[in-house]
Amino acid sequence: MPPEVLSAPLIVEFPFTRSTGPVLGAFLTGLRERVVLGVRGSDGRVICPPAEYDPVTAEELTHLVPLGQLGTVTTWAWNASPRPYQPLDTPFAWVLVRLDGADTALLHALDAPRASVRTGMRVAVRWAEERTGAITDIACFVPVTDAATPTDAATSTETASAPGTDDAAPTEPEGPAV
Amino acid sequence: MTSAAELLAGIAELAGAEPITRVTIPARLEYAYSPGTAQTRFLNALREKRLLAERCPQCTRVYVPPRGACPTCGIATSEQLELPHTGTVTTFCIVNIAAKGLDVEVPYCYAYVLIDGAHVGLHARIGDTPYAEVRIGQRVEAVWRDELGPSLASISHFRPTGEPDADPESYRRWM
């Protein structure tokens, strides 16, 4: 009988440090201060996350504009089995969110029951409590009704009764993913 | 070229904020590594200060660590044998940059040691000697750690035996 085959964890890690440059540096600084920035392109469109160079002319872009903290889901994919280091440890939707004031969409996570997720739904930023200047300063997005203001949606408990926005109990029970 | 601070200065709610200029983004891969049956035998034998190898039945090359197959002939290796703890330096380099998590002072010497009877070099550190005196052809022997485990770390390093250098004809085919 052959001996039992060995197995051991093997972790390969490269701790890359990157220069962020003016545009992404400003974007990340904004996230730390709870402000999402887009950049205005030569055709007048606002790009978020901001591009460093114009998609049409390739010129350097510098005109940053603060955006709203509410947005619209433009497409999504359900993640039934989150992996380590993903934004949420309970099932969530990967979403592209077009923030109010922007013309392009940002990739992030949406904390909402699967049955409620749809293209066109309105969502708001939920900020991380500790922010360092990283995309993870946005903890995730949460659903809102249009009656809610961005401030309410992100911080108050008044909207906590809306599906998936209860900060205290983000893991609300739901049926298995279909 | 503008800076992040200059761009932030034009935005009322962010003017004066300490700008982010660098971020550390680790690329991390987590594996469950299994060495297979041949290397499992090799690694387990290291607990007993034994160096196990395998010989190819076709070309007769001896591989250490064994992989269960001959990469030249592409056939399974069946014959197992045990090698001595001595060998010859066939090439080396001086390492001047400390790798994260490695408990060895730089600079140090890292070498291929052709174990006597083997036909591939074993990677190993050369110690107990000034690194500037390490040379191709130098005879070395394994220094084992007190704590042995199923790992090549059971061999702390190799040190010079003091024997005369090996005849280049004995290792030139296996450099």
Side-chain angles (χ1 to χ4, degrees), chain A residues 1-40 46 50-53 59-69 83-86 101 131-137 150-151, chain B residues 1-48 50 52 54 65-68 76 78 80 97-102 149-154:
Chain A
M1 183 170 158
E4 192 179 329
V5 174
L6 293 171
S7 179
L10 175 66
I11 296 168
V12 182
E13 187 174 55
F14 302 94
F16 291 119
T17 298
R18 308 167 68 121
S19 299
T20 45
V23 171
L24 293 177
F27 175 69
L28 296 172
T29 306
L31 294 180
R32 193 187 64 208
E33 309 299 328
R34 309 216 298 184
V35 175
V36 186
L37 295 174
V39 70
R40 192 175 296 282
V46 174
E52 296 173 291
Y53 299 94
E59 293 292 312
E60 223 176 273
L61 293 177
T62 56
H63 185 187
L64 295 173
V65 286
L67 303 173
Q69 299 189 10
R83 296 184 174 202
Y85 312 114
Q86 288 187 342
R131 294 178 307 280
T132 59
I135 192 63
T136 46
D137 289 352
T151 309
Chain B
M1 183 79 177
T2 49
S3 70
E6 287 171 288
L7 296 187
L8 290 166
I11 302 160
E13 50 268 66
L14 294 172
E18 181 67 27
I20 300 284
T21 56
R22 298 166 82 83
V23 290
T24 299
I25 302 177
R28 185 180 166 95
L29 301 167
E30 297 186 18
Y31 297 94
Y33 176 72
S34 177
T37 53
Q39 282 196 96
T40 290
R41 279 193 294 270
F42 169 78
L43 291 167
N44 280 329
L46 292 171
R47 299 179 210 252
E48 301 155 5
R50 296 163 65 221
L52 290 192
E54 285 179 347
R67 309 280 187 195
S78 48
Q80 290 166 37
I97 298 170
K100 195 176 160 188
L102 188 67
S151 162
L152 261 178
S154 291

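Just so we're on the same page: letters track the sequence lines, and every chain starts at 1.
Judged by distance alone, the side chain of A:Thr29 and the main-chain N or O of B:Ile20 form a donor-acceptor pair under 3.5 Å. Checked by atom type and distance alone, the side chain of B:Glu48 never pairs as donor or acceptor with a backbone atom of B:Ala45 at under 3.5 Å. A donor-acceptor pair is defined here as one N or O able to donate and one able to accept, closer than 3.5 Å; such a pair exists between the side chain of A:Arg32 and the backbone of B:Glu18. In this structure, B:Ser154 contributes its side chain and B:Arg47 its backbone to no donor-acceptor pair below 3.5 Å. With hydrogens and angles disregarded, a donor-acceptor distance shorter than 3.5 Å links the side chain of B:Ser34 to the backbone of A:Leu6.
Using a 4.5 Å cut-off between heavy atoms, B:Ile25 touches chain A through backbone and side chain atoms alike. Heavy-atom distances place both the backbone and the side chain of B:Leu29 under 4.5 Å from chain A. Looking at A:Val35, only its side chain comes within 4.5 Å of chain B, counting heavy atoms on both sides. Proximity to chain B is absent for every atom of A:Leu24, based on heavy atoms less than 4.5 angstrom apart. Interface residue A:Pro9: backbone and side-chain heavy atoms are both found under 4.5 Å from chain B. Residue A:Phe27 does not touch chain B at all, counting heavy-atom pairs closer than 4.5 Å. Heavy-atom distances place both the backbone and the side chain of B:Glu30 under 4.5 Å from chain A. Residue A:Val23 touches chain B through both its backbone and its side chain, counting heavy-atom pairs closer than 4.5 Å.
Ranked by heavy-atom pairs under 4.5 Å with chain A, the list B:Ser151, B:Ala5, B:Pro35 is led by B:Pro35. Chain A forms more heavy-atom pairs under 4.5 Å with one residue of B:Pro26, B:Ala17, B:Ala12 than with any other, namely B:Pro26.
In summary, the side chains of B:Thr24 and A:Thr17 do present a donor paired with an acceptor at a separation below 3.5 Å, with no hydrogens or angles considered.
Remark: A:Phe14 CZ is loosely packed, at most 12 non-hydrogen atoms of other residues, nucleotides or ligands lying under 6.0 Å away.
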